Trainee: 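Structure below; questions to follow.
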Amino acid sequence: MISLLDYGAGNVRSVRNAIQALGFSVTDIACPDDILRAERLIFPGVGAFGAAMERLQRLGYVEPLKEYLAANRPFFGICIGLQVLFDGSEESPGVAGLGFIPGQIQRFATSELSVPHMGWNDVRLARESPLFANYSNEKLYFVHSYCAAPTPENAEWQLAFTDYGAPFLSAVQRGNIAAVQFHPEKSGAVGLQLLRQFLAGETTTKPITNLLHQTHFAKRIIACLDVRTNDAGDLVVTKGDQYDVREAGEVRNLGKPVELAQRYYEEGADEITFLNITAFRDFPLADQPMLEVLRRTSERVFVPLTIGGGIRAFTDANGKQYSALDVADEYFRSGADKISIGSDAVATVERYLECGSGDGSSAIEQIARVYGNQAVVISIDPRRVYVNSPDDTRHHTVETATLGPNGERYCWFQCTIKGGREGRDVDAVELAHICEQLGAGEILLNSIDRDGTGAGFDLELIGAVRAAVTIPVIASSGAGKVEHFSKVFAATGVEAALAAGIFHRREVPIAAVKTHVREQGIETRV
Ligand code: 1PR
């Protein structure tokens, strides 16, 4: 029997789904005594270090956990579940960890790489362990801004290292107590296999075949599914042409959301994004079919899932008020790992520009506080506005190789809301920058001009936004052939590239994109 320590924050559903998909039954820790009764305990910590420790304290779990660990009983921590084993963390000064491994968790100190460390990386094994007995050099999924540095004090715990700037501990183990910084439940078949080793209590090891001298962080290839209800009332995957999803009056229907997401998972997508594109009109919590899509997808897709659409405060027909956090809570409970905010981020930035600061009440701030920055993606829907000179606008301009309709040599990138229906007086560069200040962890950068055209990513837009933030940026809109992906990575340095139409219409397989990108010397997950 596997016991799951779910303290009620973040997406523990995916860990539960992974355990069940592997054929094990799982029981929840419901009170402090359950910890001491557990046979094998799995702790998928989520959110911030301080919030995790605070919850453990409040639930009375700290002492039984310490007793369980001191007795060397089978324990497997994931992400924050690794970090809380240490004395403390820079993330939450003054908050004591479980103090089982000496040392402090530190923030990544890299100025060249984006933080969070979000995506697929390798591990270098320091020694043999049953956990990694069937592992041979595949990449695993990480998402974190803080990490444990290897030190002489924690030498006996060091099981695996990963390089991101400096090396950090990607796995620790002593006796029956193990923890990993990556997410096995989000690392595809390799991660599930690793999790199975713990769940099954495997004890045999194999010699290490992993002889990497350095680990390599991969660029991500993301498949995006724009979802909406068609005129017949069915929830379908659709695809716009510069955001117009109708053809001969009908909503384009490119398939069923769950089936398509599963196909992309099996074909090697590093992440799947669902955008509920008409949720700005409706209340997403009333959209049970969409939530069901998310639940069913998370039972069969074991890479990160992002969901966007309709994340904002809402008052229903009975006058009941919901916060953006309530909407996000439901998305996370249904299986999302990250949520993406579109229109509401523009409104937040407009308020920020008026007041000169955030006031802590925006969806971005609220959700980042509870679920961590890495869980908050900002989806930007910009459209080009051409000007003759940078002096003609207060906005961030670029000199463009694609001249405007009247030969204009400059343009700025106007943010829109409601799926491109309304332009606002905010540009994509300032929006991205301010959202990062407010706590967003990633930018999903679309382009209405390029969407569905197959003409390639808008490198001028993407380069300008990439240069304005230190968080990861996903390039989106316009992919038509494999060369567009290598070009956007090489020209702008973005961490991920997303496409929809070419994957839906089976014009370019995900594997072909990855093979091509690798041939250009750019790292991807195989
Ligand atoms: O504003 O918080 O409710 O979120 C709504 C979300 O729905 C936003 O993320 C917005 O981007 C998205 N959305 C709204 N309307 C549309 C539309 O197409 N009519 N889809 C829409 C945006 C853009 C991409 C697309 C890429 C790649 N879709 O996600 O998948 O452009 O396409 P391509 O490879 O075929 O070129 P809120």
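Ligands are counted one by one from 1 in listed order, and the atoms in each one are counted from 1 as well. Please read these numbers as outputs of a predicted model, since none were measured by experiment. Residue numbers run from 1 in the order of the sequence given.
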Trainee: Do E436 and R466 sit within salt-bridge range, that is, some charged N less than 4.0 Å from a carboxylate O?
Mentor: no
Trainee: Show the atoms of ligand 1 that are less than 4.0 angstrom away from any heavy atom in G501.
Mentor: 33 (P), 34 (O), 35 (O)
Trainee: Quick one, V115 and T470 - any side-chain contact, counting heavy atoms below 4.5 Å?
Mentor: no
Trainee: For G308, is the nearest heavy atom under 4.0 Å from an atom of ligand 1?
Mentor: no
Trainee: Below 3.5 Å, N or O to N or O, backbone or side chain included: is there any such pair between I502 and ligand 1?
Mentor: no
Trainee: Do the charged groups of R351 and E354 touch, with an N to O distance under 4.0 Å?
Mentor: no
Trainee: Taking D122 as the fixed residue, which of K139, H216, R525 is the one that meets the side-chain hydrogen bond (donor to acceptor under 3.5 Å, both in side chains) rule?
Mentor: K139
Trainee: Are E90 and R107 close enough for a salt bridge, meaning some N to O gap below 4.0 Å?
Mentor: no
Trainee: Ring centres under 6.0 Å, that's the criterion: do F142 and F182 meet it?
Mentor: yes
Trainee: Could you identify the single nearest non-hydrogen protein atom to atom 26 (C) of ligand 1 and state the distance to 0.1 Å?
Mentor: S476 OG, 3.2 Å
Trainee: Looking only at protein heavy atoms, which one is nearest to atom 8 (C) of ligand 1, and how far off is it?
Mentor: S379 OG, 3.6 Å
Trainee: Could you tell me whether G478 and ligand 1 have an N or O pair separated by under 3.5 Å?
Mentor: yes
Trainee: Between S477 and ligand 1, which part of the residue brings a heavy atom under 4.0 Å of the ligand: side chain, backbone, both or neither?
Mentor: both
Trainee: Considering only protein heavy atoms, which is closest to atom 25 (C) of ligand 1, and at what distance to one decimal place?
Mentor: D451 OD1, 3.6 Å
Trainee: Do the side-chain N and O atoms of Y141 and D270 include a donor-acceptor pair separated by under 3.5 angstrom?
Mentor: no
Trainee: Tell me the protein heavy atom at minimum distance from atom 10 (C) of ligand 1, and give that distance in Å.
Mentor: D381 OD2, 3.2 Å
Trainee: So, for P405 and Y386, which heavy atoms are closest and what is the spacing to 0.1 Å?
Mentor: CD-CD1, 3.8 Å
Trainee: Which residue and atom name correspond to the protein heavy atom nearest atom 29 (O) of ligand 1, and how close is it?
Mentor: L275 CD1, 3.2 Å
Trainee: My understanding is that we take every heavy atom of each candidate and find the minimum distance to atom 19 (N) of ligand 1. Doing that for F274, Y243, F503, which one comes out nearest?
Mentor: Y243
Trainee: If the contact criterion is a heavy-atom separation under 4.0 Å, does D226 count as touching ligand 1?
Mentor: yes
Trainee: Indicate the ring-plane relationship of F217 and Y164, choosing parallel, tilted or perpendicular according to the 30° and 60° boundaries.
Mentor: perpendicular
Trainee: Heavy-atom contacts under 4.0 Å between K239 and ligand 1: side chain, backbone, both, or neither?
Mentor: side chain
Trainee: Please classify the S343 to ligand 1 contact at 4.0 Å (heavy-atom distances, strictly less than): side chain, backbone, both or neither.
Mentor: both
Trainee: For C224, take its heavy atoms, then give the atoms of ligand 1 lying under 4.0 Å from any of them.
Mentor: 29 (O), 30 (O)
Trainee: How far is atom 14 (C) of ligand 1 from the closest protein heavy atom, and which atom is that?
Mentor: G419 CA, 3.3 Å
Trainee: May I ask you to check whether F49 and Y146 place their ring centres under 6.0 Å from each other?
Mentor: no
Trainee: Quick check: V245 and ligand 1, any N/O pair under 3.5 Å apart?
Mentor: no
Trainee: With a 6.0 Å cut-off on ring centres, are H144 and F108 close enough?
Mentor: yes
Trainee: Closer than 4.0 Å to some heavy atom of G452 - which atoms of ligand 1 meet that?
Mentor: 33 (P), 35 (O), 36 (O)
Trainee: Salt bridge check: are R333 and E330 linked by an N-O gap of less than 4.0 Å?
Mentor: yes
Trainee: So, T162 and S170: side-chain donor and acceptor under 3.5 Å apart, yes or no?
Mentor: yes
Trainee: Sub-3.5 Å donor-acceptor pair from the side chain of E408 to the main-chain atoms of L403, do we have one?
Mentor: no
Trainee: Judged by non-hydrogen atoms, does A500 sit under 4.0 Å from ligand 1?
Mentor: yes
Trainee: I need the nearest protein heavy-atom contact for atom 13 (N) of ligand 1: residue, atom name and distance, please.
Mentor: I277 CG2, 3.5 Å
Trainee: Which residue and atom name correspond to the protein heavy atom nearest atom 3 (O) of ligand 1, and how close is it?
Mentor: G310 N, 2.8 Å
Trainee: Ignoring angles and geometry beyond distance, decide whether L498 reaches within less than 3.5 Å of ligand 1 through its nitrogen or oxygen atoms.
Mentor: no
Trainee: Can you find an N/O atom of A499 closer than 3.5 Å to an N/O atom of ligand 1?
Mentor: no
